[in-house]
Amino acid sequence: GSDSGKSTTSGSTGSTGSGGSTATIASKLILGGPPEFKTRTDGVPGLQKNYGVVFSGYKVLDTGGPVTVTALKNGQVDAADLFTTDPSIAANGFVILQDPKNNFAAQNVLPLISKAKATDGVTKVLNGISAKLDTAGLGAILTKVQNDKQDPDAVAKQWLKDQGLDAAGTDAAGVTLTVGSANFPESVVLAQIYAEALKDHGATVSTKLNIGAREVYVPGLKDGSIDLIPEYNGSILQYLDKNATATSSDDVYAALQKALPPNLVVLDQSKAQDSDAIVVTKATADKYGLTSIADLAKTQ
Amino acid sequence: MILADSSSSSSPLHFWGYFLDHRAEDLRWLWDHTYLSLIPVVIGLVIALPLGWLSRRYGWLYPPMVSISGLLYTIPSIALFVMVPPLLGLKSLDPLQVPIALTVYSVALLVRVVADGLASVPEDVAQAATAVGYKRLSLLFRVELPIAVPVIAAGLRVATVSNVSMVAIAGTIGQENLGRLFDQGKQLSTTGPYYPPIVLGIVLCVLLALTFDLLIVFGTRMLTPWRRAVVGR
Amino acid sequence: MIRFESITKTYPDGTVAVDSLDLEAPSGQITVLVGPSGCGKTTSLRMINRMIEPTSGRIWLDDRDTGRIPAAELRRGIGYVIQHAGLFPHRTIIDNVATVPYLLGWDKKKARTRAAELLEQVGLPAHFAKRYPAQLSGGQQQRVGVARALAADPPVMLMDEPFSAVDPVVRDQLQDEFLRLQSELGKTIVFVTHDIDEAIKLGDQVAVLRVGGRLAQLATPAELLNRPVDAFVAGFVGRDRGYRALAFSTAGRLSTREEPTVRLGAPVPAGTDDADGWLLVVNDADEPQGWLKLGESGADGEVVTDAMLHRGGTLAHQGGSLRAALDAALSSPSGRGVVVEEDGRLAGSLTASEVLALIENPLPQPEPQP
Amino acid sequence: MIRFESITKTYPDGTVAVDSLDLEAPSGQITVLVGPSGCGKTTSLRMINRMIEPTSGRIWLDDRDTGRIPAAELRRGIGYVIQHAGLFPHRTIIDNVATVPYLLGWDKKKARTRAAELLEQVGLPAHFAKRYPAQLSGGQQQRVGVARALAADPPVMLMDEPFSAVDPVVRDQLQDEFLRLQSELGKTIVFVTHDIDEAIKLGDQVAVLRVGGRLAQLATPAELLNRPVDAFVAGFVGRDRGYRALAFSTAGRLSTREEPTVRLGAPVPAGTDDADGWLLVVNDADEPQGWLKLGESGADGEVVTDAMLHRGGTLAHQGGSLRAALDAALSSPSGRGVVVEEDGRLAGSLTASEVLALIENPLPQPEPQP
Amino acid sequence: MIGDVLTWLNDPAHWRDTRVDKGIPTQLQTHITFTLIALAIALALALPLGLFIGHTGRLTFLVTAANALRALPTVGVLVLLTVIISPHFHGRTDLGFVIPTEIVLVFLAVPPILSNTYAGVQNVSAAARDAAAGMGMTGTQVLRKVELPCSLPLIFSGFRSATLQVIATATVASYVTLGGLGAFIYDGLQQQDFPQMIGGGVLVALLALLADLLLATIQRYAVSRGISGRFSTKSVIPADAATAQVRTAEASTV
Ligand SMILES: Nc1ncnc2c1ncn2[C@@H]1O[C@H](COP(=O)(O)OP(=O)(O)OP(=O)(O)O)[C@@H](O)[C@H]1O
Ligand SMILES: Nc1ncnc2c1ncn2[C@@H]1O[C@H](COP(=O)(O)OP(=O)(O)OP(=O)(O)O)[C@@H](O)[C@H]1O
Ligand SMILES: [Mg+2]
Ligand SMILES: [Mg+2]
């Protein structure tokens, strides 16, 4: 991760160069998002590369959390990096800007697991989950957690039950593993779903939830602090391979197989997608006539 | 904005209901928080005793010890938590990272406290003890340390209470403890303030800190009957 | 016996605290070290139990070179009483006293029994045993300090200004008790003080040190008062030394004259034909209460009351010192000093001139001139 | 003049510290309050400058009721010296002394000039001005405390055990200086001590208080020693009071006998036919040095050296007290007390009996019996 | 590792502001601003209160109460206050996050200043206080001319430990998105960029050290030599009396 500093430098140099004589809409706006968005390939550098969008400033907020939502809602920032499944987008009437150039790659949910723990039984259980998971279902789950303040644990159990996946079995018997999650609710619920299902099938499961960003938990996976985590195929690919160009679900999935370190594997990907999105308030969208990220590069 | 369906349960006072709903997890975090705050102080004291004794005995050691411990204390805890694994070659999410970092803080604080505590032993008492024929170690354990208990205990109270607060910071980087309640509360406040986990976390942390404090005060009273005798007169 | 053999102590900063000191503290006696502040008294004392190591010279304890005895062992055999007592604040009085027995490995019960005995010996009530030092007054703490030093019955005691922190009245009491105790125990004692009066009262012999740690004079108290060796000692011993030296001259049995008395509560005798009109008043136990001035007390037939008494006079005891006898005479309003028996009953009276005659009569002179 | 008019002080916890006290401290004189610990001395003193308010009664300062003077104003007009000096550690000595002038709004230069004067007056060298209290010894601090209290030249001074924290030798010096100063300044002083010797030495009058804050006796020091009013006062005044009372009896010019002398460095006179063989040795300035015992000093023709001298005797001064004269006689190895002139030259000698005759002769008796 | 940190610190790019990133000088300035505001507020609250309590001996329970503030978990209170306060501020203002942060920092700074000021005034020798009153100083004069100057060493020690604590903890500002040196730590953590993170930590420690040195220098001039025991005269007599400063457990609190 230490070369990310360099990409920050190059990103900022680029934006300075294109600030130019013509003022784009973006040049009047401030973008907010998590710290690593500054340097991620599909973050600030990607927006510039794919759309020529250069914001007037970047404010470090949290990862799709309340700070980001409040900052966007109250006008501390004009655009923010949020997740498409986030119920607060609808709740606050935020507008998701289209991403026609697929700056944000496909983000299918899939389990990332250490090879040693991916026994046939475990694989079977997790693939069974992926088969039942879709974007709408994911949104519903998240709404229960985020809006209804239901317990992720309970939500996970309920979902498994609803999907008929709660039958006890012995597929994963004898396996001991630690399920981790990133530090946002969706990841937590997904991790709980994995954990509950594996428990139902006889595994000895411990959890380490809310670990933080990918930069924190992937090393954890590599060194065995955790064994399994729900992932998004586009993000993890980009994290593993800065130069990855694949954007469609299948391309990404294929590229991911090659990019993974030897001791990790990904299992089947689900249909559920939850990608990053650039979001603005309704007022901002109306004021500048924004529907797509590309609109930000227009002059006004 | 407050959503109609969550208004009742998001009241700050609902933390008790929240606790009951998540009892298993909260109790586990409470337990983790307890030993994470406590063990560093215990280990810290064990390390600080010889160091403090040394810096008392060899006066020139005292100023550098005090400066070093002051400097250690300025390192932000979050930075220290993350620096510990790479510096010690541990796994990045090693459960030891928090206790080790907090032990560093505790030692930093307690070395000085131990030295000051030993210095609080009246000179004539130390001399009387030497004169009746105490050897150095028994002098330390039978006379000096017992008399230094009040000063050392005062330092322990500060160390333990601030540890409770610092352990919570480790909750924000994924370590399991009451700090997780804050992260959780923050996450759940995305669509509107959701107080119960935050308030619960604060309440449990404060209770924990106060419990430690009371235990130390009580322990001090037990260990120093002579002070009570005078006060109670 | 403790013997200093050309002991010198030079502190690391170059201060010469004690300078080739030769001194012998005989067994069973009290040797007092006295001298101005900083003259090396404490340093000398503490070299005996090796709290301070001498720079050169040797200290003998009976026939053993203290330098060859392990320090802790040496110290356990020497009682040490320091200024302000230095009690262990975290231990009860009884455990403070039992410190050395515990260290010597006595069993707890025996150590405590011994400690309780000692508390009684130094005049502390038994219920103090369970108290803590901070619950005692300064004087009481000092007694505990002495008891603690006595606990293992060490033949030698070192005492560094043990009574300096208490007020004069209590100090006097402590000194008296200390002398009584020593008369029972007969320890070899080295006692440090900067108070010459204390030195003279307590010492069998007194060593006067001058600044720089040199011995100015080693002598008995009487000799010191009568024959200070030089101007420094004379100055240090101070004014009034003639009068004070009288304290060492016991008069033997004083030949007193009989004194007419009247009982308290009895009627005032009608104009007795005494030249000066002073009449001694006694109580029913025949103990003198004060003087009655005959002309002064109203009408005859009145009863002698407390309010009529003149109490100026001090009392001298038969067998007491000439100092007390002279003071009794000097302080008596009638000019006749009142002498009482050991039990407080009136023995008779004595004028100042009569005391003086005893003083000038060489018979009780303790130190005949060579 | 300060007058207590049935002053009572009851503390909130019910302790009666002072009980209907009537007392007058005359202008220009030193009134000493003395008594056992806790008898209400400090309380009485502090009611004068209203650091403590009386529960009932009034205190008059000359003809003003102190209760009606604003406290701060009252206090600025009264010097207050407390135990341990209570100097301000953060101010230099000179600024400590100038505190009250500053408070009164004097300009800095004037205040400092005055402070420097005072420092000289209490015997502190000028270079101390810029030091801080922590750089001074206890005795020096006490002097600064006195100087500070004197700064605004208040007619009244209150002093609460001002000399109790220093060692006996320094205390003696401070007392002497204090008396010298008072003889120059003639302040109205109320002085608290628990040391009866100090009270007797310093007081023009001494008030003895008993526990509970009642006045036991108010008298001059001589009267107190000669006629303690009851057993409590007698006990408090202590032993030796007959002898000590002699300090207040001046002998007038003593009629001394001439004493044969020999000069230091001169040859020892061959067997003078003096009965007792004691010969007084003087130096070239005719100042007595010690006694020579004739038989003792080796062969005739030898020279008189320092080493031969017996120095036991104290010296009495012409015009000094009878106490000094008696002690000179009692302490002299020859039995003849040496009396010197004011300038230290030999005046002559005197035996104890001769002094006694002076004592028994009613002439210098300070307080004739009624 | 150390080399990487030095490289990070030496990289000129990290000393410039860009559209995306704020450089070290800007973050340093922000950090100092947060610190100064918190300390100023804490001082304005705790110093007069401590002096008052120490002087009158009344309301001492407030000292105990303030000490109980130490038991509050910093992050928890920060999150709580942020959630409560931040929705009420609209527009391009950080106040919604600044205010909670400052409150938390003030909570940290008040206990050491208050308890040390109180202890300082309490420890002024009763004799000096008595002498001052006995000379006719009024209550405020005693406070101003005697108690305050005499308690300065302890007040300074409390203020210094408050400063250290605030500087170290101002990093949490970044937990709620504000700048300051903590940004390097939290961003570095999220980006798993250790040199950046440790560099941030080093900067905080350096800042704390410098602040402490500065305060030590001020203390040297502000505290009378009579109390600190730093005498110019060579002839120091009883130095021990002067240097025996009262140290309370609070004074060593960090
Ligand atoms: N540790 C030391 N280092 C240097 N000098 C010392 C030390 N201890 C004592 N001294 C000096 O040695 C001399 C003698 O000290 P000592 O304590 O024996 O005197 P003292 O007669 O007991 O005096 P006091 O009556 O004041 O107790 C003094 O000048 C003292 O300053
Ligand atoms: N603030 C107070 N509250 C209650 N009782 C007090 C107070 N101050 C003094 N006393 C009591 O009043 C009595 C007289 O006290 P004071 O200080 O005047 O005595 P003192 O004669 O000066 O004694 P010492 O010689 O010990 O200084 C004592 O019994 C004391 O305990
Ligand atoms: Mg000594
Ligand atoms: Mg008093």
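Chain letters run A, B, ... following the sequence lines, proteins first and then strands; every chain starts at 1. Source: prediction; values computed, not measured.
Contacts of E/I167 with chain B are absent, with no heavy-atom separation under 4.5 Å from either backbone or side chain. Interface remark: E/I84 contributes backbone and side-chain atoms alike to the contact with chain B (heavy atom separation under 4.5 Å). Both the backbone and the side chain of E/L72 come within contact range of chain B, each with at least one heavy atom under 4.5 Å from a heavy atom of that chain. For E/T171, the part lying near chain B is the side chain, with the backbone staying farther off; criterion is any non-hydrogen pair under 4.5 Å. For B/D183, the parts lying under 4.5 angstrom from a heavy atom of chain E are both the backbone and the side chain.
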Only distances under 3.5 Å count here; give the side-chain donor-acceptor pairs of residues 197-211 of chain B to other protein atoms, sequence neighbours excluded, each with its distance to 0.1 Å.
unit_1: B/T211; atom_1: OG1; unit_2: B/L207; atom_2: O; d: 2.5

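Side-chain atoms of B/S69 do not come within 3.5 Å of backbone N or O of B/L109 as any donor-acceptor pair. Side chain of B/N163 to backbone of B/S37: a donor-acceptor contact under 3.5 angstrom is found.
Annotation: ring pair (Phe, Tyr, Trp, His ring centres under 6.0 Å) contacts of B/W31 (sequence neighbours excluded): B/Y35.
Nearest heavy-atom pair, B/P122 versus B/I147, reported as atom, atom and distance to 0.1 Å: CD-CG2, 4.3 Å.
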